K.L.:
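First, the structure itself, so that you have it in front of you.
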Amino acid sequence: MDRGAAVNSALKTARTLITGGHVLTMDPALGELLSADVLIENGSIRAVGQTIDAPDADVIDASSMIVMPGFVDTHRHTWQTAVRHCYADVDPLQYFAEMLGPVGAAYRPEDVRIGTLLGALSALDAGITTLVDWSHCMNTPDHADAAVDALTESSIRAVFAHGWPLAPEWTRDSALPHPADLRRLRESRFSAPDQLLTLAMAARGPEMARSEVWLGDLRLARDLGIRSTVHVGAYAHNARHRAVAQLRDAGVLGPDLTFVHCSRSAADEIAMIADAGASISLGVHCELNSAGMGDIPLDRILAAGLRPSLSGDTETKCSGDMFTQMRLLLGYYRSWTGGGHSRVPDPPFLGVRDVLEFATLAGARAAGLDSQTGSLSPGKRADLILLRATDLNLAPVTDPAAAVVLAAHPGNVDTVLVGGRTVKRHGRLLATGLPAVLELAEHSRRRVLATIATQRTATA
Ligand SMILES: [Zn+2]
């Protein structure tokens, strides 16, 4: 019996039993279970196993489903979602000159809000239950509040990574410390212990700020008890700073840091990240689409003993969905290493289960949330997705992990739960007001594109 409708109508269901699915737990101790049940109690996973007896639970029939943890996206500039795909065919440096320059500077709080809301909702729709929102359009405190409001409204689990205002003095040899608004946010919006949102610093680091500044920024984040995430090593002009080495030399490299891209980071810097227990986020599709950025250094990362996380980066020039990141990474790595391009002597084998781990458990670790999400482990929050194994692009399923990595897409995502709350069921998001979200996004899109056009005319 499928009593999904009853589940949907409840904000929190006391007990839900997901029955008979092919369960990819991503928990090394539990592995993969054929025709197994998952019991959810008060938003957390209570048990995973064959034939769980819970007569009072609401039941979700998963007998034709692959059940797995929701994906974790560890770096997305969600605020840009309303202008998706507008940098498809231009020099990637134009994106930086415009979006992270005058165009971003002209973003209003409502542009940040609707971009972030649409991005978070579409992430949920695609099975991403945790999102590190890399929000570097913090022109005013109202922009920060708009982003936090949008993440809250979406019901996604998110790390709000608070960045800086988009003006040159913040990113070129900057002498300005991270906006003090971060402290206000910590106290006024992130003090409740049991919420879906946590706060982080989207830091500029040694590639953008002076040493006394990035040292002070890091101190601030640690004073506030929050993680930091920083772009490093993308493009030669950034990599020459050897940002990771600078942090190591300053004695501040630590496990609370996530480094984004590392495309041209030297091998010794990757080893420093591993030694410090820090993490890496690979924005695979955007990295492949951005000529000049550098390689995806997965061979070096794996050789250093690191397990990278994956991310959608900016949807202005790629797809944000995790299926795309996984599939491209696997193909890229096999082509790269198989073609003899690897810079490590014996590049490790990369299998579909490795890639699935990057997109889930490794992502949860990079987000600082692995005690809560990333695997279907008893005690963790019930962030999970059901994929229809009977869809024509997947059936008949021989190896569920391979099916997910090689062939699945967001349209196969039937059901999504975040903290036990159903946010997508029978292939449809349950959020109300989606037409209004799209309408507001269209207004924002037109306005931002007009700003881009004006900017291009002015610089022509
Ligand atoms: Zn980025």
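Note: hydrogens, waters and symmetry copies are ignored here, and every other heavy atom, side chains too, is used. For ligands, and for the atoms within them, numbers begin at 1 and follow the listed sequence. What you are looking at is a predicted structure, and each value in this text was computed from that prediction instead of being measured. In this chain, numbering begins with 1 at the start of the sequence shown.
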K.L.:
Relative to the Zn ion (ligand 1), which of the N, O or S atoms in H75 is the closest?
P.N.:
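H75's closest N, O or S atom to the Zn ion (ligand 1) is named NE2.
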K.L.:
Could you walk me through whether R445 and E442 pass salt bridge (Lys or Arg N to Asp or Glu O under 4.0 Å), step by step?
P.N.:
CA-CA 5 Å; R445 184 185 77 89; E442 172 59 18; 2.9 Å; yes
K.L.:
Using the Zn ion (ligand 1) as the vertex, how large is the angle between NE2 of H231 and NE2 of H77, rounded to 10 degrees?
P.N.:
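Here the angle at the metal atom is close to 110°, to 10°.
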K.L.:
Could you work out, with side-chain hydrogen bond (donor to acceptor under 3.5 Å, both in side chains) as the rule, every residue matching D217, not counting sequence neighbours?
P.N.:
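So D217 forms a side-chain hydrogen bond (donor to acceptor under 3.5 Å, both in side chains) with R204.
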K.L.:
Counting backbone and side chain alike, does H136 bring an N/O/S atom below 2.8 Å of the Zn ion (ligand 1)?
P.N.:
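Coordinating: no.
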K.L.:
Only counting residues at least two apart or in another chain, list the ones meeting side-chain hydrogen bond (donor to acceptor under 3.5 Å, both in side chains) with D354.
P.N.:
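D354 satisfies side-chain hydrogen bond (donor to acceptor under 3.5 Å, both in side chains) with R307 only.
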K.L.:
Below 6.0 angstrom between ring centroids: does that apply to W79 and H143?
P.N.:
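They do not qualify: ring centres at least 6.0 Å apart.
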